[in-house]
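What you see is a predicted model, and the numbers here were worked out from it, not measured in a lab. First listed ligand is number 1; within each ligand, the first listed atom is number 1. Values below: all heavy atoms of this structure, side chains included; hydrogens, waters and symmetry mates excluded.
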Amino acid sequence: MTDVLLRLSGVEFAYDSARPVLTDVTVDVETGRRLAVLGPNGGGKTTLFRLAVGALAPQAGHVEVAGKPVRRTRAGLLALRQRVQLVLQDPDDQLFSASVRQDVSFGPLNLGLSDTQVRQRCDEALTALGINALAERPPHLLSYGQRKRVAIAGAVALRPQLLILDEPTAGLDPAGVEALLHTLDDMQTTGTTVMMSTHDVNLAFRWADTVVVVSGGGARTMPVAEALADAALLAGAQLAPAWAPLVHRLLDRLPGLDGARPRSATELAALLDAMGGAG
Ligand SMILES: Nc1ncnc2c1ncn2[C@@H]1O[C@H](COP(=O)(O)OP(=O)(O)O)[C@@H](O)[C@H]1O
Ligand SMILES: [Mg+2]
């Protein structure tokens with residue numbers, strides 16, 4: 001039996017009835033997945049995420065978390081937030097406290113945890129994001145990448161089963177992207193399911209196991225290799241073809257590689273070095 005953490009079925013949503021955004025969206029997010037959500041600007045990725053956390057209600061269809069319909073009552077949303085956390089694309093939509101520690105502690109305090117527990121959750125989240133040294137700093141004086149990490153720490157401190165990140169790598173430098181992926185790997189080993197939107201198809205190929213393409217009002221879920229090998233699908237969703245799956249296809253035609261299939265430029269460079277050594 002597969003364990004579905006989040007299910008949207010037959011979801012329709014429009015901010016304005018003249019312009020429907022999602023017309024028929026069915027997506028299952030299974031526990032343990034690394035799910036990349038791809039699609040054109042304005043395709044409805046953020047809308048889908050806001051439906052998943054009960055910030056929006058669908059006009060038709062259903063949203064369920066762990067088998068239960070999302071209830072948009074105070075109690076329902078409080079319970080939902082302990083399972084599912086959304087980190088907004090712009091950290092400045094999320095950060096408002098005088099210090100990083102206060103910001104990251106806000107969610108756990110709202111859960112009614114003790115001071116000791118709040119402190120423990122906060123320290124754990126700051127460590128996960130590598131930002132302990134920033135704990136007493138005012139968020140608005142930090143760099144964009146640092147503010148993004150603080151926003152993610154705020155969600156991590158709630159220990160969600162499903163962490164949803166809206167374009168988490170947008171605006172990060174390469175070291176920031178590596179640090180984020182490392183953090184997500186750590187979270188995944190402790191059982192967190194992660195879903196992120198991105199425009200970076202190579203990043204999706206490297207990180208995700210499953211892709212959801214949100215485009216034209218619908219959503220298609222597929223294994224990452226299948227989605228990224230589908231040139232028509234990518235073009236239809238205004239996505240650039242990714243080099244990494246093309247390299248894999250090329251390597252499939254070369255003998256003697258023992259199935260080596262690099263998923264990042266670093267891995268490709270290592271393979272080339274190894275081939276140089278052998279040849
Ligand atoms: N608060 C809002 N009010 C009205 N229209 C909105 C609002 N937020 C998004 N939209 C519209 O909904 C569509 C989908 O937006 P969005 O979900 O943000 O897409 P994406 O995240 O894929 O770029 C776009 O046409 C956008 O202009
Ligand atoms: Mg968006």
Side-chain angles (χ1 to χ4, degrees), residues 6-29 33-63 65 70 72 77 80 84-96 144-145 147-149 151-152 154-155 160 162-172 176-177 180 184 194-205 207-208 210-222 224 227-228 230 232-242:
L6 168 67
R7 167 169 287 162
L8 287 85
S9 49
V11 163
E12 294 177 28
F13 183 82
Y15 294 95
D16 155 4
S17 58
R19 279 187 300 275
V21 176
L22 303 176
T23 51
D24 183 11
V25 164
T26 295
V27 175
D28 278 357
V29 179
R33 285 269 174 256
R34 296 162 170 261
L35 209 143
V37 179
L38 302 172
N41 281 330
K45 300 178 293 297
T46 300
T47 302
L48 189 156
F49 291 164
R50 298 182 70 210
L51 287 158
V53 294
L56 298 172
Q59 277 116 17
H62 302 280
V63 181
V65 170
V70 165
R72 297 180 72 237
L77 291 175
L80 181 67
V84 185
Q85 276 289 310
L86 169 61
V87 180
L88 303 172
Q89 180 174 356
D90 184 349
D92 299 332
D93 288 339
Q94 208 157 325
L95 304 177
F96 51 84
Y144 183 78
R147 296 204 302 282
K148 270 197 110 115
R149 285 200 217 183
I152 297 169
L162 174 61
L163 178 65
I164 305 179
L165 304 162
D166 201 357
E167 307 208 16
T169 62
L172 293 189
V177 173
L180 175 68
L184 296 183
V194 182
M195 185 173 181
M196 71 158 83
S197 62
T198 177
H199 288 283
D200 185 339
V201 178
N202 289 309
L203 177 79
F205 185 72
W207 172 79
T210 308
V211 161
V212 177
V213 179
V214 179
S215 162
R220 275 182 73 187
T221 308
M222 306 171 154
V224 67
L228 300 189
D230 189 334
L233 176 78
L234 294 180
Q238 293 167 40
L239 294 162

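By the 6.0 Å contact criterion, CZ on R147 is enclosed, its count of non-hydrogen atoms from other residues, nucleotides or ligands being greater than 12.
Under a 4.0 Å criterion applied to the non-hydrogen atoms of V21, ligand 1 contributes the atoms 12 (O), 13 (C), 14 (C). Remark: ligand 1 atoms within the under-4.0 Å shell around heavy atoms of G43 are 19 (O), 20 (P), 22 (O). Residue P40 has at least one heavy-atom neighbour below 4.0 Å for each of these atoms of ligand 1: 22 (O). Atom numbering of ligand 1 starts at 1 in the shown order; those under 4.0 Å from a heavy atom of N41 are 23 (O).
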TODO: Decide yes or no on side-chain contact (heavy atoms from CB on, under 4.5 Å) for T221 and T210, but give the supporting numbers first.
DONE: CA-CA 7 Å; T221 308; T210 308; 3.5 Å; yes
TODO: For L184 and L165, run side-chain contact (heavy atoms from CB on, under 4.5 Å): C-alpha distance rounded to whole Å, both residues' side-chain angles, the deciding distance at 0.1 Å, then the answer.
DONE: CA-CA 11 Å; L184 296 183; L165 304 162; 3.7 Å; yes
- [ ] For L203 and M196, run side-chain contact (heavy atoms from CB on, under 4.5 Å): C-alpha distance rounded to whole Å, both residues' side-chain angles, the deciding distance at 0.1 Å, then the answer.
- [x] CA-CA 11 Å; L203 177 79; M196 71 158 83; 4.2 Å; yes
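With hydrogens and angles ignored, the 3.5 Å screen pairs no side-chain donor or acceptor of K45 with any backbone N or O of V214.
Nearest non-hydrogen protein atom to atom 6 (C) of ligand 1 is Y15 CD1, 3.3 Å. Closest to atom 16 (P) of ligand 1 among all protein heavy atoms lies T47 OG1, 3.7 Å. Closest to atom 19 (O) of ligand 1 among all protein heavy atoms lies G44 N, 3.1 Å. Scanning the protein heavy atoms around atom 23 (O) of ligand 1, the nearest turns out to be G42 N, 2.7 Å.
Heavy-atom minimum distance, P91 versus K148: CG-CG, 3.8 Å. For the residue pair L233 and A227, the shortest heavy atom distance occurs at CD2-O, 3.7 Å.
Inclusion of K45 in the set of residues having an N or O under 3.5 Å from an N or O of ligand 1 is warranted.
Take F96 and apply the ring-ring contact (aromatic ring centres under 6.0 Å, His included) test, not counting sequence neighbours, and it matches F106.
Protein non-hydrogen atoms do not reach within 4.0 Å of atom 26 (C) of ligand 1.
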If you look only at distance, which donor and acceptor atoms sit under 3.5 Å apart when one is on a side chain in residues 13-22 and the other is two or more places apart or in another chain?
unit_1, atom_1, unit_2, atom_2, d
Y15, OH, T47, OG1, 2.8
D16, OD1, A18, N, 2.9
D16, OD2, R19, NH2, 2.9

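Among the backbone and side-chain atoms of S197, none of the N, O or S atoms lies under 2.8 Å from the Mg ion (ligand 2).
When heavy-atom distances to ligand 1 are checked against a 4.0 Å cut-off, T46 comes that close through both its backbone and its side chain. Looking at S197 against ligand 1, nothing comes within 4.0 Å, counting heavy atoms.
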